[in-house]
Amino acid sequence: MPWQVLIGNVAAVSLVISVWMHLHYKLYRLTEVQAQLGFGLMMGLGAVLSMLLSVEVGSGYFLDLRSTLLAVSAVYGGPLAVLVTGALTAAQRISMGGAGVEPALISIMLVSALGLAVRIRFGRGTADAKKAVACAVTVAAVTLTMSILHRTGNPPVTTLSLAIIAGKFAATLAAASVITYFHAFTLERDILKAALTQAPDFHYVKDRNSRFVVTNLNVARDHHRTRSSEMVGLTDFDLYPSEMAQSFFDREQKIMSSGEPLVDFEEPLVEKNGRQRWFLTSKVPLRNRHGDLIGLSGVTRDITEKKRLIQEAVDSKNVLSQAMTEMSDGLAMFNPEGRLVFCNDQYRAAFPGSADARQPGAHIADILQAVMRSGERIDVSPDAGEDWIETSAAQLFLTHDSEIPMFDGRWLRQRTRLAADGSALVVVSDITAMKHSEERLTQLALKMKGLADTDALTGIANRRVLDEAIAEEFARARRVDSALSLLLIDVDHFKAYNDSYGHLEGDNCLKAIGEVLGSVTKRPSDLAARFGGEEFAILLPGTDRDGALRLARMLLSALHRRAIPHRESSKGTVTVSIGVASISERFTTPAELIEAADQALYAAKKNGRDRVEVAAAQARAA
């Protein structure tokens, strides 16, 4: 009979855990408190069901798996969950009555307390095998203890009681293992879902009928939805004109039927307002672990701006090409022996220093001799010698383009093409304007690189630049035994500031702090950067701890003078907390220097904010 009861109880426990897993998966948007209360309620109902299926093994004593669900609730749900589970379990046991009510209530409290101890020992965020075993051991230990106390005067432990304890241990271990697996699965699912829904561009997954299964927020917003879930179940026919939607549908069905992915496919889209947008799309068929087709995954990037820039570049090139075609270029023809057969006036005008030598009948070697003597080409020395003349003359009979810098600042492009009879056609164009454009583009590229190194909001250096600078300066400081200090700065109560004033004012606040950082870093070697969110950093090469403290206090004073209002702060204005760390023998990597500054920053927060703290093992400054 006890075994039948245990089997029935195991079935009840399995049912309850299965129901919770399905409900939790469906209701994944629950808050942490709601999830704990729901878990506790479900485990409590399971415990009640287990007790309803129990059998009386002694006068007022019942055999069931309530302890399993209590322990699981405490270990995996936490205090709120076990409070609900314990209350329901205790109420049911009291209603059942009998001589064992008092021991049963003690058992409930013991299992709950020990379960919470296991949760604290292994951490609330972990779900591994050791935690599951500890949960099962808790139930077995409490069951054994209560069995010994209950059987005073009789053999304290019988074969049956040991079997029951072993059964409860196994049932608890199984339940805890299932929940452990479910937690790991849920975490993996949440990570994948977060990666998909929060990624840039347009990410989406469709089923075999081209219905959206999941999208990221960008897709929803582009189709005037506020949440990704609103896209689920829709098709392109719900979003685009039928002809366009049919084209999308046919292309996706072809991808899924052929198994061939679509990579970097450019497609235009004309919106209702007539505006044309361009998208770069990649789509791949999806198969399950058995190889069965289940849908497709797509990534689409809006390249409208890129296409516009490319078109502008093509248009500019066409304009330049047309201008080059219509301009009066220099033209010359040399015979196979290297003698000038024909040239126009523009050809001679392009080379004023050697124009007299560029006459029909002149040999290329004589022309090059005049070029060398006149010094009209700044890339040719007047004493270049016969080797240069011989090498350059040989290039006349090679198809090639070359750019020639002239003494007067002009640039010429010389294009040499060979005819079928071995003669050479030379076309000379003035490309001075184009070379200047290249220089401007180079300068623009350098400017764009500077923008890539700058935080878009505050205008100071970004995290990537800071990380590179810390690595470089740390290595230099260790190599030459010089000082190096790092300040980590965090805006106090910034979330409250955002909540009170709004995110736009929050951005203005961060900009103002960036300006203050820039005002106190005077040396070219000092680097003020945005560390992330409302955190900033100042890297001070060649600066020891005392110098870093002075600058940190200057920063606090400068921010006090700026007096940015903050009604949610006890100070009345925006303040910052600063952690200071200076290089020492105990730091072997830049990460350790950053960690030390971060610990000091934490201490500044803990000790009242609006202050400076120095890393441990260094003197503290209020």
Side-chain angles (χ1 to χ4, degrees), residues 123-125 453 455 457-458 460-478 482-498 506 509-510 513-514 516-518 520-521 525-559 566 569 571 574-622:
R124 54 172 292 185
D453 293 342
D455 179 63
L457 177 63
T458 61
I460 60 178
N462 59 25
R463 176 65 181 273
R464 181 181 63 82
V465 174
L466 175 66
D467 289 342
E468 293 175 354
I470 290 178
E472 181 179 343
E473 295 297 341
F474 187 92
R476 180 183 293 113
R478 293 298 299 269
S482 64
L484 176 66
S485 295
L486 175 67
L487 275 61
L488 284 186
I489 304 122
D490 186 83
V491 183
D492 296 328
H493 305 296
F494 187 69
K495 182 180 184 302
Y497 187 94
N498 265 342
C509 175
L510 294 179
I513 292 174
V516 174
L517 264 63
V520 299
T521 50
S525 60
D526 297 341
L527 177 67
R530 188 176 181 186
F531 194 72
E534 68 269 23
E535 290 187 345
F536 297 82
I538 298 179
L539 184 64
L540 302 170
T543 302
D544 59 13
R545 184 204 65 186
D546 294 337
L549 278 172
R550 285 194 296 271
L551 189 138
R553 294 188 182 111
M554 288 172 56
L555 175 58
L556 288 179
S557 299
L559 191 58
H566 190 347
S569 171
K571 304 287 185 177
V574 172
T575 60
V576 297
S577 298
I578 305 175
V580 178
S582 298
I583 193 169
S584 67
E585 289 298 323
R586 70 189 182 97
F587 298 135
T588 59
T589 64
E592 292 177 355
L593 177 64
I594 296 173
E595 176 64 20
D598 190 53
Q599 292 295 328
L601 173 60
Y602 177 78
K605 287 283 189 183
K606 183 178 179 182
N607 294 332
R609 296 185 170 87
D610 190 23
R611 60 185 288 114
V612 182
E613 290 287 346
V614 183
Q618 300 181 41
R620 173 178 292 180

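We use all heavy atoms of the structure for the numbers below, so side chains are in, but hydrogens, waters and symmetry mates are not.
Partners of Glu472 under the salt bridge (Lys or Arg N to Asp or Glu O under 4.0 Å) rule, at least two apart in sequence or in another chain, are Arg476. Applying the side-chain contact (heavy atoms from CB on, under 4.5 Å) rule to Ala483 yields the partners Asp544; only residues at least two apart in sequence or on another chain are considered.
Without hydrogens or angle criteria, His566 side chain to His493 main chain gives a donor-acceptor distance under 3.5 Å. Remark: the backbone N or O of Ala603 is paired with a side-chain donor or acceptor of Asn607 at under 3.5 angstrom. Not a single donor-acceptor pair under 3.5 Å links the side chain of Thr458 to the backbone N or O of Leu510.
Within the 4.5 Å cutoff, the side chain of Leu466 has heavy atoms near those of the Leu527 side chain. With a 4.5 Å cut-off on side-chain heavy atoms, Val576 and Asp490 do not count as touching. Between Ser569 and Tyr497 there is no side-chain heavy-atom pair separated by less than 4.5 Å. Between Leu593 and Ser582 there is no side-chain heavy-atom pair separated by less than 4.5 Å. Using a 4.5 Å heavy-atom threshold, the side chains of Leu487 and Phe536 count as separate.
Nearest heavy atoms, Ala597 versus Ala581: N-CB, 3.5 Å.
Side chains of Ser577 and Asp492: a donor on one and an acceptor on the other come within 3.5 Å.
In this structure, Asp546 does not pair ionically with Arg550, as no charged nitrogen and carboxylate oxygen lie closer than 4.0 Å.
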(request) Start with the C-alpha distance between Ile578 and Leu601, add both sets of side-chain angles, then the distance that settles side chain to side chain contact (heavy atoms under 4.5 Å, CB included), and finish with yes or no. (result) CA-CA 5 Å; Ile578 305 175; Leu601 173 60; 5.7 Å; no

(message) Using the rule given for side chain to side chain contact (heavy atoms under 4.5 Å, CB included), can you reason through Thr543 versus Leu551, listing the C-alpha separation, both sets of side-chain angles and the distance that settles it, and then say yes or no?
(response) CA-CA 10 Å; Thr543 302; Leu551 189 138; over 6 Å; no

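Among residues at least two apart or in separate chains, salt bridge (charged side-chain N to carboxylate O under 4.0 Å, His left out) pairs with a member in residues 529-541 are Asp455-Arg530.
To the nearest 0.5 Å, atom CZ of residue Arg611 and atom OG1 of residue Thr575 are 12.0 Å apart. Considering CD of Glu473 and OG of Ser485, their distance stands at 11.5 Å, rounded to 0.5 Å. Atom CG in Leu486 sits 7.5 Å away from atom CZ in Phe531 (nearest 0.5 Å). Going from atom CZ of Arg553 over to atom CG of Leu556 covers 9.0 Å, rounded to the nearest 0.5 Å. In this structure, Leu540 CG and Arg545 CZ are separated by 14.0 Å, a value rounded to the nearest 0.5 Å. Considering CD1 of Ile460 and CG of Leu517, their distance stands at 5.5 Å, rounded to 0.5 Å.
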